[in-house]
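The figures here come from the full heavy-atom set of this structure, side chains too, leaving out hydrogens, waters and symmetry mates. Every chain is numbered from 1 and lettered A, B, ... according to where its sequence line falls, protein lines coming before strand lines.
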Amino acid sequence: MEKGQQSKRHLVNTSNFIDIWSVQCGECFKWRVIPTQEEFEEIRSTFAEDPFVCSKKPGISCDDPADIEYDDSRIWVIDKPNLPKTPAGFRRKLVMRKDFSKMDCYYDSPNGKRLRSLAEVARFLDKSPEYEEDILVSDFSFTLPKIMEDTIPPDVAKKVI
DNA sequence: GCCACCGGTGGC
DNA sequence: GCCACCGGTGGC
């Protein structure tokens with residue numbers, strides 16, 4: 001969803017993690033901040049069939065000013081729609097590399113094991129009958145968001161080693 | 001050319 | 001010895 005409409009995005013600040021989760025209204029195109037990653041993932045999981053609109057946020061309508069503006073005061077990264085919701089007990093993490101060249105995605109399992117790929121997830125579930133019954137590999141995705149180059153400050157982007 | 005994946009390692 | 005982080009690559 002690079003076209004700037006109806007896409008969901010989250011943000012990073014100059015640290016290496018995402019600190020604001022945000023979605024764009026499919027009607028007025030304003031950005032609405034979503035308080036938690038969990039809520040963001042819920043919206044994202046059905047975004048294609050069920051686009052976000054301002055009125056889904058309690059007490060908010062398209063008449064209200066945007067929560068946040070898409071500009072270079074923050075670095076923005078854009079998720080693909082319909083990524084699976086992270087299974088209960090797991091945590092999905094995205095880490096920005098220092099040079100902003102790419103992000104890394106991993107899941108932390110309930111017992112603290114870090115999973116770095118679908119292959120590792122599959123092996124983990126095979127060894128964990130307690131999860132295998134109701135958690136599938138397809139509940140995980142390592143698809144990375146697109147880093148919006150136009151929101152990276154020039155002094156940072158052009159940093160030479 | 002991109003990206004999912006994984007090996008290596010430096011710093012703790 | 002671990003693990004956060006980075007580089008490289010194979011497959012598409």
Asks: When clusters are formed by joining ILVMFWY residues with side-chain heavy atoms under 4.5 Å apart, either directly or through shared neighbours, do A/F90 and A/L118 land in the same one?
Replies: yes

Asks: Return the nearest nucleotide to the side chain of A/R97; candidates are C/dG7, C/dC5, B/dC6.
Replies: C/dG7

Asks: What about the rings of A/Y106 and A/F142, do their centers lie closer together than 6.0 Å?
Replies: no

Asks: Output the rounded distance in Å from CG (A/L144) to P (B/dC2).
Replies: 14 Å

Asks: Using a 3.5 Å distance criterion without hydrogens, assess whether the side chain of A/E41 forms a donor-acceptor pair with backbone atoms of A/T86.
Replies: yes

Asks: Checking the side chain of A/T151 only, and the main-chain atoms of A/M148 only, is there a donor and an acceptor separated by less than 3.5 Å?
Replies: yes

Asks: Could you tell me how far apart A/L118 (CG) and C/dG11 (P) are, to the nearest whole angstrom?
Replies: 17 Å

Asks: C/dC5 C1' sits how many Å from A/N16 CG, rounded?
Replies: 10 Å

Asks: Check whether any side-chain N or O of A/K102 sits under 4.0 Å from OP1 or OP2 of B/dC3, and answer yes or no.
Replies: no

Asks: Can you tell me how far P of B/dC3 sits from CG of A/L94, to the nearest Å?
Replies: 14 Å

Asks: Could you give the CG-to-C1' distance, from A/D104 to B/dC5, as a whole number of Å?
Replies: 11 Å

Asks: For a quick test of reading the model: is some side-chain N or O of A/R114 closer than 4.0 Å to OP1 or OP2 of C/dC3?
Replies: no

Asks: For A/M103 and B/dC2, give me the distance from atom CE to atom P, rounded to whole Å.
Replies: 18 Å

Asks: Without decimals, in angstroms, what is the distance between A/D79 CG and B/dC3 P?
Replies: 13 Å

Asks: What is the nucleic acid contact for A/R116, judged by heavy atoms within less than 4.0 Å: base, sugar-phosphate only, or nothing?
Replies: base

